[in-house]
Amino acid sequence: MLRYDMGEAELRNWVIGEDSFNVRDLGKYETIMSLGNGYMGVRSCTEESYPKETRDCFVAGTFNTSGASEVTELPNIADVTELGIWLDGEGFHLEKGKIEEYSRTLNLQTAELNRRVIWRNDRGNSFEMVFRRFVSLHKKHLLGMRVELTPCTAAAEISIRSGINGQVTNSGAQHFTEGDKRIHDKKIIQYAATTTESNILVVTHCHHRFLVEDSEVAAEPRLSIERRKVSTEYTFRVEAGQTLVFEKIANIHSSLDLEHGQQEAAKLCEVSLDELRLVAMKGYGKLLQDSTQAWREKWAAMDIKITSLQEFDQLAIRFAQYHLVIMAPAHDNRFGIAAKGLTGEGYKGHSFWDTEIFIQPYFLFTDPGMARNLVEYRYHTLDGARRKAKENGYRGAMYPWESALTGDEVTPEWGPVDVVTGTPTRIWTGLIEQHITSDVAYGVWQYYLATGDQLFMDTKGYEIIMETATFWASRLTWNDTRKCCEIKDVIGPDEYKEHVDNNAFTNYMARWNLQTAIACYEKLQHAPSGRWIQLRDRLQLDKAYEEWKQKAENIYLPRPRETDLVIPQDDTYLGKKLIDLTKYRNQQEVALILEDYNMDQVNQIQVSKQADVMVLFYLLEHCFSYEVKQANWKYYEPKTLHDSSLSMATHSILASDLGESELAYRLFGLAAGIDLGQNMKSSDQGIHTASIGGIWKCVVFGFGGVRAPGGQLRIQPRLPEAWDSLSYPLYWQGDLLKIHITHEAVKVTKLTGLNASLDLSIEGQNYSLDATESITIPLAGRGGFR
């Protein structure tokens, strides 16, 4: 069972853990206890191996295609975490012998994984074993392991086999050609391999050290080099009560690393080896201390504090922030954030609209430097978006639904079984889920509003917004009957509706994209910047501007119906049949409806996979009245199955907006429970990164009431009844703020900043905050935004 109460004293609400072992739950704990630092991610498999494990290690950006019929994916790097342990000749395995005590914990504060086992073998001898592991936040290439083995009842012969295993695959797909294998000085193992198609070299080294009674002991290992595998095996005689300590320090480098440039394989191996020899001398304890200090500084800058009897909520927001840190490639702006981060093979390491709409907001308000990396990633992939537009007969930039390293479309064509035909289901999202293009532009614009980073806009941001607008101008088609421009044959955010015309979310966001490009052009057309003149000429912006205006004025926007204020999700949704959805609104299992209906049949039912029209009320809140939002909530929410992990958080934020505080809090709990809850099969394929970002949004945007319409910071809190107070840090346009909210008042303190004063809105009133000044405003207690 997943435990939330295993942290004591100062670690209260900092620890997740399990207190019993169940082999059926391996995938859950491998994912939620994953370690990483944005450069690499390592699933938290046990050291001993089990048939149902998924032993993954990923390095950001190292995409490869394993065959002509496959799309590119993030490949599984050679494993260093598996150990073979023999106690008196008997292999250690928790499905044999007897487990007398067991616990495994992830300390979110220090990012150390810790497992303790007292195990009795079939001969009746017991052993205490402690396993510790971390991925360094201080040195991005580094991973450390420590094992403490103590015979409890009698002296024992203990053997440990450790090495680097390149036999790993991505669900059977092998991505590497084997390179140099070597054992240096009987202590350091080297393994190099190159991706089969993208030609990326990955070099792994590991160092072994043994101690008894705090003194290092020498051992003569058995050396082994096999196909795609290198290892050493050590054997010791250990007295009862003595502890044998094994430390393994490993590092991973790739030819993508910016600090290495385009080095030859031999040189990269040499650099990696020299680094490991240097750091391994420090030992596990000192290296962990360095990483812990980096985490301490990180938490000092980002920790959110919730005062409540519901302690799970405090743990949940810290769990979310921990995973947001380890999924983010802060070291390199060429890489995006995958839908499963670096914690699993789900979605093949690809980036979606999750980044801009669900993940980027966290970094905008807590780590603007990382937020810049994310928008620069979209600039690095702009040429791929241009290629996709051209291949599909359009102009400008058409961003891929699934993106990897280049910005070309990498969505698979075929998916799970069709329950009616028995054949694979056709995946249409890569072709017709096109709102991603305006989502990317929206992310760029939100970055600009939050940071005021004019240099980025001048060199990269304006180009993205204008090229995406040009795509929409070429995508729109004229309907002579309606006398307007339409967007036909798309998928909106609700992926249970395919091949629809005039999806409301897509059309409104396309118009927003066009209007924003128009505003940018009008702002810059007289700017003296040579960059602007070059951009105007290269993209033919004078001509494009006229087309943007014409299309923006004539785009069809589904309007609220006069009878009930409901906005049609698309041209046909409101005319589809109604069925009883009770069976399928099951929060413990998703996609139950696809066990009874195939996608063609679901397409004919008034049912939504996730928020669609409702997302508009969050992104473009100024376009809709409170009454329209409320009417559409009442219509669409009962028809939404929340079969996407993106859905709960959006609905929680909107419930806060609508004054439905109890419902908002319940939905927050459901969002937090997607990965951190007791459903032991929810996370096997990796963490739900959009949901993780959504948890933070529920707290800060929903309950904390933060928004920035038109570029002015607004704070209008809606604290849950279950909470006494909420405190969170916030960056806004170069200023660092601390917000403290109770049911009676909101206090805003300007800690540091670039600006002499900060203008903001609190509870509907405008205020100006000078440097290092605090302001406390009583709360009126009104429900919802109006």
Side-chain angles (χ1 to χ4, degrees), residues 36-37 39-43 55-66 72-83 135-136 139-145 161-170 173-208 221-233 248-280 329 331-332 334-335 342 349 405:
N37 55 19
Y39 176 84
M40 73 169 101
V42 182
R43 280 174 72 91
R55 197 172 287 273
D56 286 335
C57 174
F58 302 106
V59 172
T62 56
F63 286 98
N64 186 67
T65 303
S66 64
T72 192
E73 64 183 327
L74 205 57
N76 191 6
I77 305 300
D79 175 61
V80 298
T81 62
E82 183 181 0
L83 301 176
V135 169
S136 178
K139 287 188 175 294
K140 65 178 182 286
H141 301 289
L142 188 66
L143 178 150
M145 299 174 64
R161 184 179 63 213
S162 173
I164 303 172
N165 182 5
Q167 295 177 359
V168 296
T169 67
N170 286 60
Q174 174 56 253
H175 281 279
F176 286 93
T177 300
E178 191 175 41
D180 291 338
K181 296 177 291 190
R182 186 175 174 183
I183 300 173
H184 298 269
D185 307 323
K186 299 183 180 181
K187 281 187 176 182
I188 297 180
I189 296 175
Q190 173 182 303
Y191 185 87
T194 303
T195 53
T196 55
E197 176 265 336
S198 55
N199 201 36
I200 298 169
L201 173 66
V202 179
V203 178
T204 305
H205 285 92
C206 67
H207 175 276
H208 297 148
R222 292 178 58 190
L223 311 181
S224 174
I225 294 182
E226 309 171 47
R227 188 177 188 182
R228 300 181 184 273
K229 198 171 188 178
V230 191
S231 64
T232 55
E233 185 176 324
K248 182 176 185 177
I249 308 300
N251 67 356
I252 302 173
H253 291 75
S254 98
S255 55
L256 287 177
D257 297 342
L258 290 172
E259 68 266 35
H260 299 319
Q262 296 297 318
Q263 293 185 350
E264 296 179 356
K267 183 63 176 176
L268 187 59
C269 288
E270 180 183 340
V271 168
S272 177
L273 177 61
D274 289 345
E275 178 196 78
L276 185 65
R277 280 178 167 152
L278 183 64
V279 299
H331 64 290
D332 201 319
R334 295 172 296 168
F335 312 141
L342 297 170
L405 191 60

Checklist entry - Rounded to the nearest 0.5 Å, how far apart are CG of L223 and CD of E233? => result 10.5 Å
Next on the checklist: Is any side-chain heavy atom of H141 closer than 4.5 Å to one of D257?
Outcome noted: yes
Next on the checklist: Are L143 and V42 packed together at the side-chain level, in the sense that at least one heavy-atom pair is separated by less than 4.5 angstrom?
Outcome noted: yes
Checklist entry - Does any N or O in the side chain of S198 come within less than 3.5 Å of the main-chain N or O of T195, such that one atom is a donor and the other an acceptor? => result no
Item to check | Over all atoms of both residues, closest heavy-atom pair of H331 and A60 | outcome: CE1-CB, 4.3 Å
Checklist entry - Would you call L256 and R334 a side-chain contact if the rule is heavy atoms closer than 4.5 Å? => result yes
Next on the checklist: Side chains of N37 and S136: any donor to acceptor distance under 3.5 Å?
Outcome noted: no
Checklist entry - Any donor and acceptor pair, going by atom type alone, linking the side chain of D79 with main-chain N or O of N165 inside 3.5 Å? => result no
Next on the checklist: side-chain contact (heavy atoms from CB on, under 4.5 Å), that's the test. Do E82 and V168 meet it? Break it down for me.
Outcome noted: CA-CA 11 Å; E82 183 181 0; V168 296; over 6 Å; no
Checklist entry - Got a second to check how far I200's CD1 is from F176's CZ, nearest 0.5 Å? => result 8.0 Å
Checklist entry - Do any N or O atoms from the side chain of S255 and from the backbone of L201 form a donor-acceptor pair under 3.5 angstrom? => result yes
Checklist entry - Side-chain donor-acceptor pair under 3.5 Å between H205 and E275, yes or no? => result no
Checklist entry - Using 4.0 Å as the upper bound for N to carboxylate O, is an ion pair formed by K140 and D332? => result no
Next on the checklist: Could you measure the distance from the OG1 atom of T204 to the CD1 atom of I164? Nearest 0.5 Å is fine.
Outcome noted: 5.5 Å
Checklist entry - Taking T232 as the fixed residue, which of K187, H208, K186 is the one that meets the side chain to side chain donor-acceptor pair (under 3.5 Å) rule? => result H208
Item to check | Positive for side chain to side chain donor-acceptor pair (under 3.5 Å) with N76, one of T169, D56, N170 | outcome: D56
Next on the checklist: How long is the straight-line distance from CD1 of I77 back to NE2 of H175, given to the nearest 0.5 Å?
Outcome noted: 9.5 Å
Checklist entry - Heavy-atom distance under 4.5 Å between the side chains of F335 and L405, does that happen here? => result yes
Next on the checklist: I need the S272 OG to I252 CD1 distance, nearest 0.5 Å.
Outcome noted: 9.0 Å
Checklist entry - With a 3.5 Å cut-off and no angle check, do the side chains of E226 and S224 form a donor-acceptor pair? => result yes
Checklist entry - Measuring from E178:CD to R227:CZ, what's the distance to the nearest 0.5 Å? => result 8.0 Å
Checklist entry - Does R228 offer a backbone N or O that forms a donor-acceptor pair with the side chain of Q167 under 3.5 Å? => result no
Next on the checklist: Whether the side chain of K181 engages the backbone of I189 through a donor-acceptor N/O pair (distance < 3.5 Å, no angle test) should be reported.
Outcome noted: no
Checklist entry - Any side-chain heavy atom of L276 within less than 4.5 Å of one from H184? => result no
Checklist entry - Hey, is the main chain of R182 close enough, under 3.5 Å, to the side chain of Q190 for a donor-acceptor pair? => result no
Checklist entry - Sub-3.5 Å donor-acceptor pair from the side chain of T72 to the main-chain atoms of N64, do we have one? => result yes
Checklist entry - Are the side chains of L83 and M145 in touch, meaning some heavy atoms are under 4.5 Å apart? => result yes
